[in-house]
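Heads up, the thing below is written out as structure tokens.
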Amino acid sequence: MQQAPTTFRVRGVAINERRMQAGLSATQLAALVGVTASYIRKLETGSRKHMGPGIYVRLRTALSATDNELLAPTEDPTTEKE
């Protein structure tokens, strides 16, 4: 049995905010991260929410951001909402 690869669920709005603060275009950020500008735009608009660990680390580094800034809150399926 093969284990599913680990992915990071990111907040697109936060990526967009950090990119704008850094004064980078989507194309410039994409070049730093090693992805396409289309990929960055999909993350920022929320049409893509998950990314692999290697790309996530490069994105976080390029934006000088923290996990708390970029990662979406995780929902624990074992906890019930009151």
Side-chain angles (χ1 to χ4, degrees):
M1 189 165 92
Q2 202 173 26
Q3 185 177 1
T6 303
T7 61
F8 290 86
R9 187 165 184 257
V10 294
R11 295 175 46 239
V13 171
I15 294 170
N16 179 265
E17 288 173 357
R18 293 295 296 184
R19 179 176 64 77
M20 299 300 271
Q21 288 170 357
L24 296 170
S25 69
T27 302
Q28 289 169 323
L29 178 58
L32 291 171
V33 177
V35 296
T36 64
S38 173
Y39 184 88
I40 296 296
R41 285 191 289 274
K42 286 177 183 176
L43 289 170
E44 290 183 346
T45 61
S47 65
R48 182 176 188 108
K49 296 179 181 172
H50 294 269
M51 55 194 322
I55 296 171
Y56 171 71
V57 169
R58 292 193 304 270
L59 176 73
R60 188 185 65 202
T61 301
L63 294 174
S64 299
T66 65
D67 287 340
N68 286 341
E69 292 171 308
L70 298 184
L71 293 180
T74 56
E75 292 182 16
D76 186 351
T78 60
T79 347
E80 290 184 30
K81 294 181 182 176
E82 294 182 19

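Partner of Ile40 under the side chain to side chain contact (heavy atoms under 4.5 Å, CB included) criterion, chosen from Leu59, Leu24, Asn16, Thr45: Leu59.
Of all non-hydrogen atoms in Ala30 and Ala37, the two that sit nearest each other are CB-N, 3.5 Å. Considering all non-hydrogen atoms of both residues, Arg58 and Val33 come closest at NE-O, 2.6 Å. Across all their heavy atoms, Arg11 and Glu69 have their closest contact at NH1-O, 2.6 Å.
Atom CZ of Arg41 is separated from atom OG1 of Thr36 by 7.5 Å, given to the nearest 0.5 angstrom. One distance of note links CD1 of Ile15 with OH of Tyr56; it measures 8.5 Å at 0.5 Å rounding.
Looking at heavy atoms from C-beta onward, Phe8 lies out of side-chain contact with Val57 at the 4.5 angstrom threshold. Using a 4.5 Å heavy-atom cutoff, the side chains of Arg60 and Asp67 are in contact.
Checked by atom type and distance alone, the side chain of Arg18 pairs as donor or acceptor with a backbone atom of Leu63 at under 3.5 Å. Between the side chain of Arg19 and the backbone N or O of Leu29, no donor-acceptor pair lies under 3.5 Å.
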Item to complete: Could you walk me through whether Leu43 and Met51 pass side chain to side chain contact (heavy atoms under 4.5 Å, CB included), step by step?
Response: CA-CA 9 Å; Leu43 289 170; Met51 55 194 322; 3.7 Å; yes
Discussion item. Is there a side chain to side chain contact (heavy atoms under 4.5 Å, CB included) between Tyr39 and Ile55? Walk through the geometry before answering.
Written reply: CA-CA 11 Å; Tyr39 184 88; Ile55 296 171; 4.1 Å; yes
